[in-house]
Every structure is written in C-alpha cells, then in structure tokens.
Amino acid sequence: MATKNHNLSEYDINSVPDAKGMTFGIVVAEWNENITAALLEGAKSTLIKHGVDQDDINVMTVPGSFELIYGAAQMVKTDVDAVIAIGCVIRGDTPHDRYICQGVTAGLSQLNAQQDTPVIYGLITTLDMEQAQDRAGGKMGNKGDECAITAIKMVDFRRKIKG
Ligand code: DLZ
C-alpha cells in the first residue's frame with residue numbers, strides 16, 4: 001500500500017531475486033481501463049526489468065474486478081509460477097463498490113491459501129479517480145511495479161521452501 005512515506009515503485013533492487021526463467025499470468029479488469037492499463041504496464045515492465053522473458057507473461061482480461069476471482073482461479077491451473085490480479089475499484093454513490101472489494105479480497109485470499117501458485121493482490125481501492133491515478137504511475141508510484149516485485153519474491157519463496 002502506498003503511504004505518506006512509501007512510494008509503490010520504490011524498492012531495494014538488491015533484495016529482488018533474478019527472475020529469468022520465471023513465468024507469470026496477469027489477469028486484468030477492464031473497468032477503469034485507464035488505470036488498469038497503467039498498472040499492467042508497470043507490472044510487465046518491472047518483470048521484464050528483472051529478467052522475465054516477455055513471452056513468459058500471459059495477460060488475460062476480465063470485464064470487472066469481481067471477475068478477477070474466476071480469472072485468477074483459472075490462471076493458476078495453467079503453467080505459470082505466479083498470478084497477478086489487477087483491478088481498480090473506485091468509490092461510488094452506493095455501497096456497491098464495498099461489496100465488490102470485499103468479494104474480490106475474500107476470493108483472492110481463499111484462492112491464495114488453497115492452492116500452490118502464489119496469487120498477488122493488485123486491486124487498488126480508492127475514494128476517487130485522482131487517488132487511483134496517484135497509484136497508477138502518479139505521485140505514489142505504480143501498484144503494478146509493487147505487484148511484480150512481490151510476485152518474483154513469492155516464486156522465489158516457493159522454490160526455496162520446496163527445496
Ligand atoms: C459494477 C461495478 C462497479 C459499480 N464498479 C466497479 C469498479 O469500480 N471497478 C471494477 O473493476 N468493477 C466495477 N464494477 C463491475 C464488477 O466488478 C463486475 O464486473 C460486475 O458486477 C459483473 O459481475
């Protein structure tokens with residue numbers, strides 16, 4: 001999460017394992033496409049920067065963030081080392097957005113705990129479009145960058161724990 005003192009795109013490069021040979025699935029929601037496209041670009045470019053081959057990144061879109069649960073559940077069944085789920089839910093006039101956020105968070109959490117492939121939470125939940133832009137390459141960095149680094153570290157974690 002971006003906080004006052006933490007930019008989503010800043011990390012210790014020396015703490016990131018070499019990602020050459022790792023494979024990733026990215027599921028992206030079409031809702032708020034201006035934001036999710038920027039998050040996707042951040043995630044892809046950061047994976048590639050750390051050695052991932054472009055051909056080893058499988059990107060699939062789903063209509064909205066709620067469909068990230070199904071999309072990620074299908075993606076983990078494919079031959080990828082980790083899955084990144086990317087979406088953006090912006091507060092509306094009704095509580096609808098809160099139900100979506102709760103559903104996606106619970107669904108992805110459950111998926112993460114119940115099977116072997118790490119699933120990375122790339123959902124940004126904001127009060128307005130400006131806050132979303134701030135976290136999609138704006139003044140708070142790019143959540144996609146953070147997801148890519150987390151995904152690489154979790155693949156490394158799994159490889160180490162498997163021995
Ligand atoms: C319906 C809806 C609303 C109101 N807002 C968002 C949003 O801010 N971000 C998002 O990714 N999706 C939204 N959706 C669509 C739902 O995620 C979902 O696609 C539909 O409810 C159909 O299942």
Side-chain angles (χ1 to χ4, degrees), residues 1-4 6-11 22-49 52 54 56-155:
M1 189 177 98
T3 63
K4 199 172 168 202
H6 175 69
N7 182 296
L8 291 160
S9 298
E10 286 173 6
Y11 56 92
M22 293 182 182
T23 60
F24 296 89
I26 305 181
V27 187
V28 194
E30 290 168 355
W31 260 76
N32 299 313
E33 200 266 342
N34 58 322
I35 300 297
T36 59
L39 299 175
L40 172 63
E41 194 43 48
K44 275 170 49 179
S45 62
T46 302
L47 290 174
I48 290 166
K49 178 175 157 189
V52 179
Q54 185 142 8
D56 288 332
I57 305 172
N58 183 16
V59 179
M60 296 287 290
T61 58
V62 292
S65 290
F66 194 75
E67 286 71 44
L68 289 173
I69 307 164
Y70 180 84
Q74 295 305 307
M75 189 68 97
V76 297
K77 294 181 197 164
T78 70
D79 188 21
V80 292
D81 292 319
V83 172
I84 301 172
I86 288 177
C88 170
V89 179
I90 298 178
R91 170 110 358 139
D93 296 333
T94 71
H96 197 77
D97 57 288
R98 274 146 273 181
Y99 293 112
I100 296 172
C101 292
Q102 283 166 11
V104 178
T105 303
L108 293 181
S109 302
Q110 208 176 2
L111 183 61
N112 222 349
Q114 285 179 349
Q115 50 76 51
D116 290 334
T117 305
V119 176
I120 312 304
Y121 184 80
L123 183 72
I124 56 174
T125 58
T126 65
L127 299 177
D128 55 39
M129 182 57 81
E130 188 183 348
Q131 285 187 343
Q133 287 165 341
D134 288 346
R135 289 156 179 78
K139 67 182 183 196
M140 308 301 281
N142 190 323
K143 179 82 177 168
D145 296 344
E146 183 202 60
C147 287
I149 298 301
T150 306
I152 292 168
K153 288 184 175 180
M154 290 309 292
V155 173

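Just so you know, these numbers come straight off a predicted model, no measurement behind them. In each ligand, atom 1 is the first atom listed, and ligand 1 is the first ligand listed. The figures that follow rest on heavy atoms only: side chains count, while hydrogens, waters and symmetry mates do not. Residues take their numbers from the sequence shown, with the count starting at 1.
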Ignoring hydrogens and geometry, is there a side-chain-to-backbone donor-acceptor pair from E67 to G64 under 3.5 Å? yes
Looking only at protein heavy atoms, which one is nearest to atom 8 (O) of ligand 1, and what is the separation? I90 N, 3.2 Å
Can you list the atoms of ligand 1 that are under 4.0 Å from a heavy atom of N32? 7 (C), 8 (O), 9 (N)
Could you check whether any heavy atom of I100 sits closer than 4.0 Å to an atom of ligand 1, since that is the contact criterion I want to use? yes
Using the side chain to side chain contact (heavy atoms under 4.5 Å, CB included) rule, pick out the option among I57, T46, T23 that qualifies with V52. I57
With a 4.0 Å cut-off on heavy atoms, does C88 reach ligand 1? yes
Distance to 0.1 Å, residue and atom name: give those for the protein heavy atom nearest to atom 15 (C) of ligand 1. W31 NE1, 3.3 Å
Ranked by distance from atom 4 (C) of ligand 1, the top protein heavy atom is H96 CD2, 3.5 Å
4.5 Å side-chain heavy-atom contact, S65 and L123: yes
Measuring only between side-chain heavy atoms, which start at C-beta, is L111 closer than 4.5 Å to V76? yes
Could you tell me if the side chain of R135 sits less than 4.5 Å from the side chain of N142, heavy atoms only? no
Consider only side-chain N and O atoms of D145 and S9, and report whether a donor and an acceptor are under 3.5 Å apart. yes
Under a 4.0 angstrom heavy-atom cut-off, which atoms of ligand 1 come close to F66? 17 (O), 18 (C)
Return the residue, atom name and 0.1 Å-rounded distance of the protein heavy atom closest to atom 18 (C) of ligand 1. E67 OE1, 3.4 Å
Counting non-hydrogen protein atoms only, what is the nearest one to atom 11 (O) of ligand 1? Give residue, atom name and distance. S65 OG, 2.6 Å
Quick one: does any side-chain atom of D128 pair with a main-chain N or O of Q131 as donor and acceptor, under 3.5 Å? yes
